[in-house]
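In what follows, chains carry the letters A, B, and so on, assigned in the order in which the sequence lines appear, proteins first and then strands, with residues in each chain numbered from 1.
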Protein chains: 2
Amino acid sequence: MQNRTYTADAEPGETVTVAGWVHEIRDLGGIAFLILRDTTGKIQIKFEKDEMDDELVETGLNAARESVITATGAVDEEPRAPTGVELTPDSVEVIAEADTELPLDPSGKVDAEISTRLDNRTLDLRKEEVQAIFEIRAEIQRAARETFRDLMCTEITTPKIVATGTEGGTELFPITYFGEEAFMNQSPQLFKQLMAGSNLERVFEIGPIFRAEEHNTPRHLNEATSIDFEGAFCDHHEAMDVAEAVVKSVYEAVDENCQSELEALGLAEEFEVPEGDFPRLSYEEAIERINATGELDEQLVWGDDLPTEGEHALGQDVGEHYFITDWPAEIKPFYIMDQEDDEQLSTGFDMMHPRMELVSGGQREHRYDNLIEGFEAQGLNPEDFDYYTKMFKYGMPPHAGFGLGGERLVMTLLGLDNIREAVLFPRDRQRLSP
Amino acid sequence: MQNRTYTADAEPGETVTVAGWVHEIRDLGGIAFLILRDTTGKIQIKFEKDEMDDELVETGLNAARESVITATGAVDEEPRAPTGVELTPDSVEVIAEADTELPLDPSGKVDAEISTRLDNRTLDLRKEEVQAIFEIRAEIQRAARETFRDLMCTEITTPKIVATGTEGGTELFPITYFGEEAFMNQSPQLFKQLMAGSNLERVFEIGPIFRAEEHNTPRHLNEATSIDFEGAFCDHHEAMDVAEAVVKSVYEAVDENCQSELEALGLAEEFEVPEGDFPRLSYEEAIERINATGELDEQLVWGDDLPTEGEHALGQDVGEHYFITDWPAEIKPFYIMDQEDDEQLSTGFDMMHPRMELVSGGQREHRYDNLIEGFEAQGLNPEDFDYYTKMFKYGMPPHAGFGLGGERLVMTLLGLDNIREAVLFPRDRQRLSP
């Protein structure tokens, strides 16, 4: 809109045109206030009924809440106004009238169930604190990209329609591709590895992944954002360094650039940028510490995967981001390399937030013969993955990488209860629309 | 890799370890050169057979081309070396031996068909000029994101699994979603509009779109990258301004940050950043100018869509990026608003590169009743789009936006013949793997 001034930029002494939604109308009798809201904030618009044109007053004060209006007038200082300024309108125009019955109250005064909110995301996102989540989500991705670029990585795009899944045929959404069977990709794993063998060497991707998991929990999504890294000539230690650098830089960026959003979420006081190196616990230490908490009914033994309650107990015990390393090789995927000096141990690692797993990664098996053996041991036919494995015959350097859950990063950074809070239009077992 | 020095950083006087691929071995008898290639460039490694350890010489010179090696030694100036320096190795280690028969020659001396190249992208991407395309593609996306942010836009992620398509049921890939019928989204159109009605106001997304089009041409893909914008309180003129700013900023960024990549592609001389405003031609002028070229067998009349040859003729005539505006309302989608003062004309616009269409956009129909009528006139049941249309009842501001073809932008910027050159792993009618 030509000549529009954002409410945050409306300075006393100026005559401006603001545009936005009717957030609230407070009618005190002779005087009434309309609070107009736009993407930058709010402004108070004053109506003095006896001194102003009747039609003007009527247009302004009869506008239903959440209608879209423009108002032109002088801006003055007014200490009693919420933002310290107020606008006295010369003209008001209703651009889009809203129904008087709203399915959701964007002022936030009336609580709504998450399903109602997700059905009405447009209205839900008129709440300051919800807007703040998505401004921060965007900043997180911006900062992650910047850090990857600083670390010599090239951003890539890998296909989402694929002929075969990364981990075989489980948990894939089938798709019909011109009469052929295909799937939506559950991870860029194989493609990013192919790029680590190219002259790009170090690559990253931030994109959608699709998992037909039946889980329907506050921390699972069937369509999610994966932040992926793969680097030639990297081992698992360096991949952990990259993961740590990315996560820290994201916290730093939010701290630096999103104070007003943190405030809207009531987090400005408590928000902390992680300091110092993330502890790197071996799997063995991890199960010992979990057992020592006494939180599990049964003691964990070597070879067990960590149950969710175990992760929680350990997270509480550690109290900060940490890595779990030196996993038993048998519980990590076959494409993760075993340690050179002890084949029982994997180079796989997880990065944990105290609340949940954020990152999974490791050094990859880059030796052709070992890879083929791995496929066979898994009961997979290596020929189905020929497009991938054959590139390992032509000079595939050692490489390592990880996948970082984009929504889990937002969720843990902001302390959200439900991962659906971190996605505009989540997809889960029940939800396919909007 | 600890202590690795990139070839581009190997300075005379230092002792370094470089790692990369055996690009070439030139054996001149008493002396031989191994050219090692990494992501930053190449370095010459010198073997003086009589003066050096036999095993060292043998390891280096017997390494098959494209094997992965590391070499440690002193770097000296050497004007006759391709990069002006050379490394005399104290040690050489073969990390991953390559087969002697390669399906593709990464030195580029032997030409390969595009299908062979796409089947072997890892090797294809060891060519400097192919690497350059994807470094530039990443820079294009970085610059586009930066420009959108400068223009007050928030980056969003919309779902790729959807219950209904944007344009009805045609050209959609069907997917089975927990037993329900769903589709892969062909455009974020409806979702970004929903966000323009939220407090985010101005949003952008760079993400995959999926179109089950049967076209199999050098400029169509079935999975592509769409660069989308939608802005509240914008009309089509402002949406055109945003599109123009993004495209120009991308050219500027490539010019500023990608000179070596342009050189690798042989484009450093001819690459030009568009100057001045992109001409905005009305549809009427466009068909007149096309007719005047005499390139078409039949003259175009009002209401005709522009045939591909017409676009080519006009592109040659205009010779720079341009817009086509004021289209007949009947050939633009129903969700594009008609012009206020002439309902025969649409607010829809296209941005054209002389070679092809890049952008399609317009002001959207934000009036609930008109929108419902539009669905019905299209033969669509508005109730199927209830999640979308109902938000138009609660204060939907006027808004406009566009979609910009990500691969077409790369293709036209670099003068590529085939859009598949701009995608790592293209998906087309025949190609589903790798």
- Query: Does some side-chain heavy atom of B:T40 sit less than 4.5 Å from a side-chain heavy atom of A:M152?
  - Reply: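 Touching, per the 4.5 Å side-chain cut-off.
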Side chains of B:P208 and A:T157, heavy atoms from C-beta outward: is any pair under 4.5 Å?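 A side-chain contact is absent here, since even the closest heavy-atom pair is not under 4.5 Å.
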So, the part of A:R149 with a heavy atom under 4.5 Å from chain B: the answer is side chain
What part of A:E205 is in contact with chain B, defined as an atom under 4.5 angstrom from a non-hydrogen atom: side chain, backbone, both or neither?
->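 Neither part, no heavy atoms under 4.5 Å.
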Relative to chain A, which segment of [X] carries a heavy atom at a distance below 4.5 Å: side chain, backbone, both, or neither?
X	value
B:E181	backbone
B:A196	backbone
B:R137	side chain
B:F210	side chain
B:E128	neither
B:K390	side chain
B:E407	neither
B:Y6	side chain
B:R145	side chain
B:T176	both

Looking at [options], which one has more heavy-atom pairs under 4.5 Å with chain B than the rest?
options	value
A:P103, A:S67, A:G406, A:G231	A:P103
A:I69, A:I95, A:T122	A:T122
A:D386, A:N222, A:V130, A:V423	A:N222
A:K127, A:M195, A:E180	A:M195

For chain A, which of [options] has the most heavy-atom pairs under 4.5 Å?
options	answer
B:I206, B:L194, B:L432, B:V68	B:L432
B:G197, B:A138, B:A96, B:S433	B:G197
B:R121, B:H366, B:R65, B:R142	B:R142
B:L123, B:D119, B:D235	B:L123
B:Q141, B:E66, B:E146, B:M391	B:M391
B:Q430, B:E155, B:R429	B:R429

Only residue of A:R4, A:R126, A:R37 satisfying salt bridge (Lys or Arg N to Asp or Glu O under 4.0 Å) with B:E201 is A:R4
Q. Within the distance-only criterion (no hydrogens, no angle test), does the side chain of A:Y177 pair as donor or acceptor with the backbone N or O of B:D428 below 3.5 angstrom?
A.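 Such a contact is found between A:Y177 side chain and B:D428 backbone.
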Open item on the list: Strictly distance-based, threshold 3.5 Å: is any side-chain N or O of A:E223 a donor or acceptor partner for the main-chain N or O of B:I161?
Closed with: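 The answer is yes, because a donor-acceptor pair under 3.5 Å joins these two groups.
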| task | Count the heavy atoms of every other residue, nucleotide or ligand shown that sit under 6.0 Å from CG of B:N3, and state whether that count exceeds 12. | result | no
If you look at every heavy atom in [X] and [Y], which pair is closest and at what distance?
X	Y	value
B:W21	A:G395	NE1-O, 2.8 Å
B:D38	A:N199	O-ND2, 3.5 Å
B:F191	A:P434	CE2-C, 3.5 Å
A:L200	B:T39	O-OG1, 3.4 Å
A:I175	B:M184	CD1-SD, 3.0 Å
A:Y394	B:E101	CE2-O, 3.4 Å

- When rounded to the nearest 0.5 angstrom, what distance separates CZ in A:F233 from OG1 in B:T17?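 Spacing of CZ (A:F233) from OG1 (B:T17) equals 12.0 Å.
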Checklist entry - CD/B:Q2 to SG/A:C234 distance, rounded to the nearest 0.5 angstrom? => result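 Going from the CD atom of B:Q2 to the SG atom of A:C234 covers 9.5 Å.
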Candidate pair B:L102 and A:K393, rule side-chain contact (heavy atoms from CB on, under 4.5 Å), full reasoning = CA-CA 9 Å; B:L102 303 174; A:K393 292 193 285 188; over 6 Å; no
Show your reasoning for whether side-chain contact (heavy atoms from CB on, under 4.5 Å) applies to A:T154 and B:E139.
-> CA-CA 9 Å; A:T154 303; B:E139 174 62 12; over 6 Å; no
